[in-house]
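A short write-up of the structure that comes next.
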Amino acid sequence: MSKEESEGATTTAAAPPKPAPAKPAAAPARGKPPAMPRRSFFSWMTVAWAAFTASMLATLTATGRFMFPNVLFEPPPTFKAGYPNEIQIGQVDERFKQRFAVWLVRSAFDQYANAEGIYALSTVCTHLGCTPNWLEAEQKFKCPCHGSGYYKTGVNFEGPTPRPLERYAISLADDGQILVDKSRKFQQEKGEWSNPAAFLKL
Ligand code: FES
């Protein structure tokens with residue numbers, strides 16, 4: 001072997017080894033679903049809790065509406081209205097207008113009861129149901145809606161209303177106070193104002 005051949009053989013033997021080929025990726029195991037990432041798991045839990053909370057709130061709201069339905073609370077039809085001597089003769093007492101829709105009027109002489117006493121007038125206009133105002137200077141009830149007018153007795157005399165105001169049952173309670181019963185009403189055009197229950201004689 002020549003010197004050159006000997007050197008060539010030495011060079012070939014010293015060449016670096018070739019890199020090993022990359023291993024193929026491991027195939028997923030058969031029959032086993034891939035594991036869910038932690039973040040995805042927590043976001044699903046959040047959605048589930050939100051849905052559960054919303055359904056519970058809806059159930060609670062429905063229960064609350066069942067327990068406390070939308071009821072219109074109206075004042076009772078019967079109420080005490082103080083003592084007779086708190087109202088002066090000739091006075092239209094407006095203390096109970098707003099809450100009970102009633103005027104108390106003390107008359108020196110009522111032609112329907114043929115006596116002195118107190119009657120309870122409805123504040124509902126008999127035309128279309130507005131609330132008239134008591135005009136002290138003019139001594140009349142005047143409806144602001146279409147102009148109907150009523151005397152202090154409740155009898156109509158002007159405007160479109162076809163009939164007088166209504167009176168309610170009135171009496172004295174055991175404690176001496178005036179007792180008004182709005183569940184019983186009396187109409188002048190039917191001759192009902194002469195009913196003893198429609199007037200408190202004093
Ligand atoms: Fe009173 Fe019409 S409602 S005059």
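These numbers come from a predicted model, not from an experiment.
- A salt bridge links Arg95 with Glu86: at least one charged nitrogen is closer than 4.0 Å to a carboxylate oxygen.
- Residues Tyr150 and Thr161 bring a donor and an acceptor atom of their side chains to less than 3.5 Å of each other.
- With hydrogens and angles ignored, the 3.5 Å screen pairs a side-chain donor or acceptor of Trp193 with a backbone N or O of Phe186.
- For the salt bridge (Lys or Arg N to Asp or Glu O under 4.0 Å) test, no residue two or more places apart in sequence or in another chain qualifies with Asp174.
- Judged as a salt bridge (Lys or Arg N to Asp or Glu O under 4.0 Å), and not counting sequence neighbours, Arg184 has no contacts.
- Remark: Phe79 pairs with Phe96, Phe100 by the ring-ring contact (aromatic ring centres under 6.0 Å, His included) rule, at least two apart or across chains.
- Residues Leu104 and Leu121 fail the side-chain proximity criterion, which asks for heavy atoms closer than 4.5 Å.
- Looking at Arg106, its side chain does come within 3.5 Å of a backbone N or O of Pro84 through a donor-acceptor pair.
- Listed by first and then second residue, the salt bridge (Lys or Arg N to Asp or Glu O under 4.0 Å) pairs that reach into residues 150-161 are Lys140-Glu158, Lys142-Glu158, sequence neighbours excluded.
- The backbone N or O of Gly82 lies less than 3.5 Å from a partner atom in the side chain of Gln177, making a donor-acceptor pair.
- Judged purely by atom type and a 3.5 angstrom limit, Glu116 has no side-chain atom pairing as donor or acceptor with the backbone of Ala108.
- For the pair Leu202 and Ile118, the minimum side-chain heavy-atom distance is below 4.5 Å.
- Note on residues 193-202: no pairs pass salt bridge (Lys or Arg N to Asp or Glu O under 4.0 Å), not counting sequence neighbours.
- No donor-acceptor contact under 3.5 angstrom links the side chains of Gln91 and Asp93, judged on distance only.
- Trp134 and Glu94 are not linked by any side-chain donor-acceptor pair at a separation below 3.5 angstrom, with hydrogens and angles left out of the test.
- Taken together, Cys145 and Cys130 meet the criterion of an SG-SG distance shorter than 2.5 Å.
- Sorted by first then second residue, the salt bridge (Lys or Arg N to Asp or Glu O under 4.0 Å) pairs that include residues 125-135, not counting sequence neighbours, number zero.
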